[in-house]
Amino acid sequence: MRDRTQWIVARDHANRQAIGAVDGTDNPKKGTHTAGVQRQWCGNTGKIDNCVVSCHISYTVGDFQCLLDSDLYLPESWANDPARRREARIPDDVVYRKKTAIALEQIHRATGNGVRVAAWTFDEEYGQNGEKGPVVWEVKHTPFYRKHGPAGLPGPSHTLIVARNVLNPDEIKYFVSNMTAGPGGVSLEWMLWVAFSRWPIERCFE
(Lines give C-alpha, C1' and ligand atoms only; values in the text may rest on other atoms or scores of the structure.)
Protein backbone atom coordinates (compact mmCIF):
# COMPACT_ATOMS: atom_id res chain seq x y z
CA MET A 1 0.00 0.00 0.00
CA ARG A 2 2.85 2.38 0.82
CA ASP A 3 4.62 1.75 -2.48
CA ARG A 4 1.35 2.04 -4.39
CA THR A 5 0.64 5.42 -2.78
CA GLN A 6 4.10 6.67 -3.72
CA TRP A 7 3.70 5.47 -7.32
CA ILE A 8 0.40 7.33 -7.61
CA VAL A 9 1.94 10.52 -6.19
CA ALA A 10 4.89 10.27 -8.57
CA ARG A 11 2.59 9.64 -11.54
CA ASP A 12 -0.33 11.99 -10.89
CA HIS A 13 1.04 14.77 -8.68
CA ALA A 14 4.59 15.38 -9.90
CA ASN A 15 5.55 19.06 -9.68
CA ARG A 16 8.89 20.85 -9.60
CA GLN A 17 7.66 22.99 -6.69
CA ALA A 18 6.70 20.07 -4.44
CA ILE A 19 8.00 20.04 -0.86
CA GLY A 20 8.75 16.99 1.25
CA ALA A 21 8.49 17.19 5.05
CA VAL A 22 9.83 14.98 7.84
CA ASP A 23 7.97 14.93 11.15
CA GLY A 24 6.77 12.65 13.89
CA THR A 25 3.78 12.01 16.10
CA ASP A 26 4.00 11.31 19.82
CA ASN A 27 0.89 9.58 21.15
CA PRO A 28 0.37 9.34 24.94
CA LYS A 29 -0.30 5.79 26.15
CA LYS A 30 -1.01 4.22 29.53
CA GLY A 31 0.63 1.00 30.60
CA THR A 32 3.75 -0.78 29.40
CA HIS A 33 2.55 -3.32 26.83
CA THR A 34 1.98 -1.27 23.65
CA ALA A 35 4.91 -1.84 21.26
CA GLY A 36 7.48 0.95 21.67
CA VAL A 37 5.84 2.66 24.63
CA GLN A 38 8.08 4.19 27.28
CA ARG A 39 8.67 7.47 29.10
CA GLN A 40 10.18 9.79 26.50
CA TRP A 41 9.67 13.26 25.05
CA CYS A 42 6.03 13.61 23.97
CA GLY A 43 5.28 16.58 21.73
CA ASN A 44 1.56 15.96 22.20
CA THR A 45 1.77 16.81 25.91
CA GLY A 46 4.91 18.98 25.75
CA LYS A 47 6.84 17.01 28.40
CA ILE A 48 8.52 13.69 29.18
CA ASP A 49 5.59 11.29 29.20
CA ASN A 50 4.57 7.68 28.60
CA CYS A 51 4.00 7.57 24.85
CA VAL A 52 4.59 5.88 21.49
CA VAL A 53 6.59 7.72 18.81
CA SER A 54 6.22 7.28 15.06
CA CYS A 55 8.11 8.89 12.17
CA HIS A 56 6.57 10.13 8.91
CA ILE A 57 7.32 11.88 5.63
CA SER A 58 4.80 13.88 3.62
CA TYR A 59 4.43 15.45 0.18
CA THR A 60 2.71 18.75 -0.57
CA VAL A 61 2.21 20.88 -3.66
CA GLY A 62 -0.50 23.50 -4.05
CA ASP A 63 -3.67 22.22 -2.41
CA PHE A 64 -2.56 18.58 -2.55
CA GLN A 65 -0.96 16.94 0.48
CA CYS A 66 -0.51 13.39 1.69
CA LEU A 67 1.59 11.16 3.91
CA LEU A 68 4.11 9.10 1.95
CA ASP A 69 5.44 6.83 4.69
CA SER A 70 5.02 6.06 8.40
CA ASP A 71 7.03 3.89 10.74
CA LEU A 72 7.25 3.08 14.45
CA TYR A 73 10.23 4.29 16.46
CA LEU A 74 11.36 1.36 18.60
CA PRO A 75 13.47 2.52 21.60
CA GLU A 76 16.64 0.63 22.53
CA SER A 77 14.98 -0.60 25.74
CA TRP A 78 12.47 -2.47 23.57
CA ALA A 79 14.87 -3.55 20.86
CA ASN A 80 17.15 -5.25 23.40
CA ASP A 81 14.40 -7.04 25.38
CA PRO A 82 13.55 -10.39 23.67
CA ALA A 83 10.76 -11.31 26.10
CA ARG A 84 9.02 -7.96 25.72
CA ARG A 85 9.38 -8.13 21.95
CA ARG A 86 7.77 -11.59 21.82
CA GLU A 87 4.86 -10.49 24.02
CA ALA A 88 4.16 -7.51 21.72
CA ARG A 89 4.73 -9.66 18.57
CA ILE A 90 7.47 -7.40 17.22
CA PRO A 91 9.09 -9.03 14.15
CA ASP A 92 12.75 -10.00 14.43
CA ASP A 93 13.76 -7.66 11.60
CA VAL A 94 12.45 -4.59 13.47
CA VAL A 95 15.51 -3.17 15.24
CA TYR A 96 16.49 0.04 17.01
CA ARG A 97 17.09 2.91 14.61
CA LYS A 98 17.59 6.58 15.33
CA LYS A 99 14.73 8.75 14.12
CA THR A 100 17.06 10.36 11.58
CA ALA A 101 17.92 6.91 10.20
CA ILE A 102 14.22 6.06 9.87
CA ALA A 103 13.60 9.33 8.03
CA LEU A 104 16.49 8.74 5.63
CA GLU A 105 15.22 5.23 4.88
CA GLN A 106 11.78 6.66 4.15
CA ILE A 107 13.21 9.35 1.86
CA HIS A 108 15.34 6.83 -0.03
CA ARG A 109 12.33 4.52 -0.43
CA ALA A 110 10.16 7.36 -1.76
CA THR A 111 12.79 8.55 -4.24
CA GLY A 112 13.27 4.94 -5.30
CA ASN A 113 9.57 4.87 -6.14
CA GLY A 114 9.90 7.95 -8.33
CA VAL A 115 8.86 10.70 -5.89
CA ARG A 116 10.76 13.96 -6.46
CA VAL A 117 10.63 17.16 -4.43
CA ALA A 118 12.29 20.56 -4.73
CA ALA A 119 13.43 20.42 -1.09
CA TRP A 120 13.00 18.51 2.17
CA THR A 121 12.18 20.32 5.39
CA PHE A 122 12.12 19.09 8.97
CA ASP A 123 12.01 20.18 12.60
CA GLU A 124 14.06 18.73 15.43
CA GLU A 125 11.10 19.14 17.79
CA TYR A 126 8.36 16.66 16.93
CA GLY A 127 4.72 17.44 17.52
CA GLN A 128 4.74 21.22 17.08
CA ASN A 129 1.63 22.74 15.47
CA GLY A 130 1.90 23.92 11.99
CA GLU A 131 0.91 27.52 10.97
CA LYS A 132 -2.67 28.04 9.73
CA GLY A 133 -3.88 31.10 7.84
CA PRO A 134 -1.99 34.19 6.67
CA VAL A 135 0.66 35.65 8.96
CA VAL A 136 3.29 38.38 8.62
CA TRP A 137 6.90 37.70 9.54
CA GLU A 138 9.88 40.00 9.94
CA VAL A 139 12.94 38.17 8.62
CA LYS A 140 16.72 38.46 8.93
CA HIS A 141 19.24 36.08 7.36
CA THR A 142 22.98 35.62 7.21
CA PRO A 143 25.41 33.09 5.72
CA PHE A 144 27.58 31.00 8.02
CA TYR A 145 30.02 28.09 7.76
CA ARG A 146 29.66 24.96 9.85
CA LYS A 147 32.74 23.18 11.15
CA HIS A 148 33.68 20.31 8.87
CA GLY A 149 35.92 17.29 9.40
CA PRO A 150 38.27 16.37 12.27
CA ALA A 151 40.22 19.62 11.91
CA GLY A 152 37.11 21.72 12.37
CA LEU A 153 37.71 23.74 9.22
CA PRO A 154 34.90 25.77 7.63
CA GLY A 155 32.60 23.64 5.49
CA PRO A 156 30.15 24.62 2.73
CA SER A 157 28.15 27.81 3.16
CA HIS A 158 24.81 27.56 4.99
CA THR A 159 22.14 30.14 5.79
CA LEU A 160 20.69 31.08 9.19
CA ILE A 161 17.21 32.61 9.08
CA VAL A 162 15.51 34.30 12.03
CA ALA A 163 11.79 35.07 11.64
CA ARG A 164 9.61 37.02 14.10
CA ASN A 165 5.82 37.03 13.99
CA VAL A 166 4.83 40.70 13.58
CA LEU A 167 1.43 40.08 15.18
CA ASN A 168 2.98 38.11 18.06
CA PRO A 169 6.56 39.40 18.61
CA ASP A 170 7.26 36.79 21.28
CA GLU A 171 7.03 34.08 18.60
CA ILE A 172 10.46 33.69 16.98
CA LYS A 173 11.51 30.87 14.68
CA TYR A 174 15.04 29.88 13.67
CA PHE A 175 15.84 28.00 10.47
CA VAL A 176 19.12 26.53 9.21
CA SER A 177 19.42 25.69 5.52
CA ASN A 178 22.13 24.09 3.42
CA MET A 179 20.97 26.39 0.61
CA THR A 180 22.59 29.80 0.18
CA ALA A 181 20.47 32.92 -0.22
CA GLY A 182 21.64 35.68 -2.52
CA PRO A 183 23.57 35.95 -5.79
CA GLY A 184 24.48 32.54 -7.15
CA GLY A 185 22.09 30.85 -4.70
CA VAL A 186 18.36 30.61 -4.23
CA SER A 187 16.04 33.43 -3.25
CA LEU A 188 15.19 34.15 0.38
CA GLU A 189 11.51 33.90 -0.59
CA TRP A 190 12.03 30.33 -1.79
CA MET A 191 13.87 29.34 1.39
CA LEU A 192 11.05 30.77 3.50
CA TRP A 193 8.49 28.91 1.40
CA VAL A 194 10.31 25.66 2.13
CA ALA A 195 10.75 26.49 5.82
CA PHE A 196 7.07 27.26 6.35
CA SER A 197 5.84 24.32 4.26
CA ARG A 198 5.95 21.94 7.24
CA TRP A 199 2.44 22.69 8.50
CA PRO A 200 0.56 20.58 5.90
CA ILE A 201 1.97 17.41 7.48
CA GLU A 202 0.17 18.37 10.71
CA ARG A 203 -3.11 18.51 8.75
CA CYS A 204 -2.32 15.02 7.40
CA PHE A 205 -1.91 13.82 11.00
CA GLU A 206 -5.29 15.34 11.89
Original post:
Stepwise, does the side chain to side chain contact (heavy atoms under 4.5 Å, CB included) test hold for L188 with I161?
Top reply: CA-CA 9 Å; L188 178 62; I161 300 173; 4.0 Å; yes
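The heavy-atom pair separating V53 from K99 by the smallest distance is CG1-CE, 3.9 Å. Taking all atoms of both residues into account, the shortest heavy-atom contact from I201 to A21 is CD1-O, 3.9 Å. Listed here is the closest heavy atom pair of T180 and M191: C-SD, 4.3 Å. Contact detail for V194 and W120: the closest heavy-atom pair is CG1-O, 4.4 Å. Residues T45 and P28 come closest through the heavy atom pair CG2-CG, 3.7 Å. Here the closest heavy-atom approach between residue A119 and residue M179 is recorded as CB-CE, 3.6 Å.
With Q40 contributing its side chain and P75 its backbone, the two residues share no donor-acceptor pair below 3.5 Å. R85 contributes a side-chain N or O that, together with a main-chain N or O of V94, makes up a donor-acceptor pair within less than 3.5 Å.
Hydrophobic clustering (ILVMFWY, side-chain heavy atoms < 4.5 Å, transitive): V115 and F122 are in one cluster. Using a 4.5 Å cut-off between side-chain heavy atoms of Ile, Leu, Val, Met, Phe, Trp and Tyr, with links allowed through other members, L67 and Y59 fall into different hydrophobic clusters. Note on F205 and I57: separate hydrophobic clusters, where clusters join Ile, Leu, Val, Met, Phe, Trp and Tyr whose side-chain heavy atoms are under 4.5 Å apart, directly or indirectly. F64 is connected to L68 through a chain of hydrophobic side-chain contacts under 4.5 Å among Ile, Leu, Val, Met, Phe, Trp and Tyr, so both are in one cluster.
For Y145, the OH atom is loosely surrounded, since the number of other residues' heavy atoms within 6.0 Å does not exceed 12. Atom CG of D12 sits in a crowded spot, with more than 12 heavy atoms from other residues, nucleotides or ligands closer than 6.0 Å. Atom CZ of R89 is surrounded by 12 or fewer heavy atoms from other residues, nucleotides or ligands within 6.0 Å. Counted within 6.0 Å of CZ on R109, heavy atoms from surrounding residues, nucleotides or ligands total more than 12; the atom is thus considered enclosed. The 12-atom threshold is not exceeded at CH2 of W193, counting heavy atoms of other residues, nucleotides or ligands nearer than 6.0 Å.
Residues T25 and S54 have side chains that bring a donor and an acceptor to within less than 3.5 angstrom of each other.
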